[in-house]
Amino acid sequence: MRAVYSLFLTLLIGGLSFATYQFAFQRLENDALATSAARLSLYQATLRSTLARVAHLPRVVVLHPHTSETLQRGTTDTSFNEYLKAVNDKANSAALYVLDEGGTTLAASNFDNEESFVGNNYRFRKYYSDAIKSGTGDFFAVGVTTGRPGYFLSEAIYQGNEPIGVAVVKVEFRELLRDWKDAGEDVLITNRDGVIVLASNADKLYKTLGEIPPERMAEMKESRKFAGYELEPLAFGSKNGAFSGRVSVDGREFSVSTVNTAGIGWQLHYLTPLEPVHNSALGFAAMTFLLCGLAGFGLLYARTKTQQTRLKIIAVEAERVREVNVQLEKEIADRKRTEERLRDTQAELIQSSRLAALGKMSAAIVHEVNQPVSAIRTFTSSGLLLLGNRRVNDAKQVFSQIRNMTERLGAITSDLLVFSRKPVSRPEPVDMNDCILTMVKERSGDLEAADSEMTLDLWKKPLMVTGSEHRFQQLIGNLLQNAIQACEGVDEANISITTIADPTSAVIMIADNGCGIAEDIINQLFDPFFTTKGIGKGVGLGLALSYAIADEAGGRIRCENRSGGGARFIVELPLSSETVRDLRGQETDG
Ligand code: ADP
């Protein structure tokens, strides 16, 4: 991924640098061309002013009185030569001279030096023939005497209407060339034929920029325009083959700007070297490459760093998670061990509580059963003794006692049968109010013994339920017994029994103002063999039995502490369908 990113980045930076190069090159080239254009107009103006400065000189010479005289005489004197020299020097032209009718130089400004034109014949020159023919002439040529190129301007000298001679001035543009050279510029001037007639670089002089037709070449040869020079084409390369736009000369690239010089048909070419432009553009591109490279790879470095940091964080996080997992696994193992221990302990507890319950139950049963059994044993012995003594009536009484004892034993076992969930063999309608009255009567002795007052507030009508009368009596008896026992030692003990019939249930409430029930045991009261009483006083079966009886009849039993002290047990049993019907009927009647 990083390699791909690096490659992409390199390509992007490369592309950006290339674009920068292109853009910078274009801008710099345009700038250079603007400078070239300014230089060209300057040189064009200089060229024009140089020509304009000397253009009038042939006329000045024509108008001078000595000129005609000299031509008529056919010879010159020093003073006329001196005059030409003075004018030439003043005007800063290359040469000023007068030709006779046949083209031979009669007088010249350079009469006194070795390049003197005096005596030379120039009738082959176009400026001569044009002047003779039409009065004026102008011509560029390489000097046959001096070998230096120059521009010749001529004017015919007349006697009457007949031309008798020609006055000529030559300009050499030496100052212009010097300026170009000094400025290190590459400037060319081409004539109408495309021949380079002036060049800041001498190598290019008299080279041609295009094909010259053979007849034109012959003409030039005749006028000895470029005497001594072979006109060879300039070796250059360009896209369109013309000397314009981008051209390469001698392995160097230039951008060519060209202007026409009106009047003399010349063209000025300014060659802007593209090498410095190319170098500067390369510099910009290199700078872009460097800066973008630094930025790009800086970013890459920063990204890598961030990734490394993120990876480190992830690794630290993973390590933490691993540690937490190990810790969790340890805790789970600990918990499992604790659970196992707890289960073992619970099993042990269940075992021991079972044993304890069994122990309690055995003690209670043994206590309850032992008494009638030993009484039966005693009664049987005394019964047998009485029979031996033929005291039949007494023996009958004793046997009747024995029967009572066995009935009691039977009652105990039948109590225990309740827990075996054997259904009542023959359910019968039972009036709970009757049940209550019977049990109150039966326990009246205990009530008296406990010095407890009994308050009865019973539903006015029979409170009919379905089940075993004996069991319901047992239920009421148990609750009454507990209430009496709870009131033991309490001043102004009071036990109240209230019954009501709500639409479908017989509700029996047995309340006392006894000791009440401790909150921590209130949920265990109905457990079999739960008792707070000592052996002989209670076996913890009373409430469990009562619960089972109520449950068997489709009802329920619950207990609560009274706000003023003491406890209240509430039994709800389903009313018999007749009673429910009666109640509904009463409601409708009422
Ligand atoms: P037992 O009477 O043989 O102890 P029970 O099942 O009848 O067994 O009663 C269980 C326990 O409930 C009693 O030991 C006693 O602590 C508590 N209890 C029952 N009735 C009352 C009551 N009316 N007031 C206070 N505590 C009671």
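Positions are given from 1, in the same order as the sequence printed here. All ligand and atom numbering here is 1-based and tracks the order in the structure. Just so it is clear, the structure is predicted and the values come from calculations on it, not from any experiment. Heavy atoms only: backbone and side chains are in, while hydrogens, waters and symmetry mates are out.
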pair [X]-[Y]: side-chain heavy atoms closer than 4.5 Å:
X: T380; Y: I402; result: yes
X: V580; Y: P503; result: no
X: F254; Y: E275; result: no

Where the closest heavy atom to [atom] is concerned, which of [options] has it?
atom: atom 6 (O) of ligand 1; options: L545, L543, N513, L480; value: L543
atom: atom 15 (C) of ligand 1; options: N561, D527, T532; value: T532
atom: atom 4 (O) of ligand 1; options: T531, I522, I510; value: T531
atom: atom 23 (N) of ligand 1; options: I521, D512, I495; value: D512

Judged by non-hydrogen atoms, does F569 sit under 4.0 Å from ligand 1? yes

Can G516 be said to touch ligand 1, with heavy atoms closer than 4.0 Å?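 Yes; G516 lies near enough to ligand 1 that a heavy-atom distance drops under 4.0 Å.
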
Would you mind checking if R322 and E319 are paired as a salt bridge, meaning a charged N to carboxylate O distance below 4.0 Å?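 Here E319 pairs with R322 in a salt bridge, since their nearest N and O are under 4.0 Å apart.
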
Against heavy atoms of [X], which atoms of ligand 1 measure under 4.0 Å?
X: G542; value: 5 (P), 6 (O), 7 (O)
X: A486; value: 22 (C), 23 (N), 24 (N), 25 (C)
X: A483; value: 23 (N)

Can you give the donor-acceptor pairs under 3.5 Å from side chains of residues 437-445 to other protein atoms, not counting sequence neighbours?
| residue | atom | partner | partner atom | Å |
| --- | --- | --- | --- | --- |
| T438 | OG1 | D434 | O | 2.7 |
| R443 | NH1 | G477 | O | 3.2 |
| R443 | NH1 | Q481 | OE1 | 3.0 |
| S444 | OG | K441 | O | 2.8 |

Pair up each side-chain donor or acceptor in residues 451-463 with any protein partner under 3.5 Å, not counting sequence neighbours, and list the distances.
| residue | atom | partner | partner atom | Å |
| --- | --- | --- | --- | --- |
| T455 | OG1 | N494 | ND2 | 3.3 |

Tell me whether the rings of Y270 and Y43 are parallel (<30°), tilted (30 to 60°) or perpendicular (>60°).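 Parallel.
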
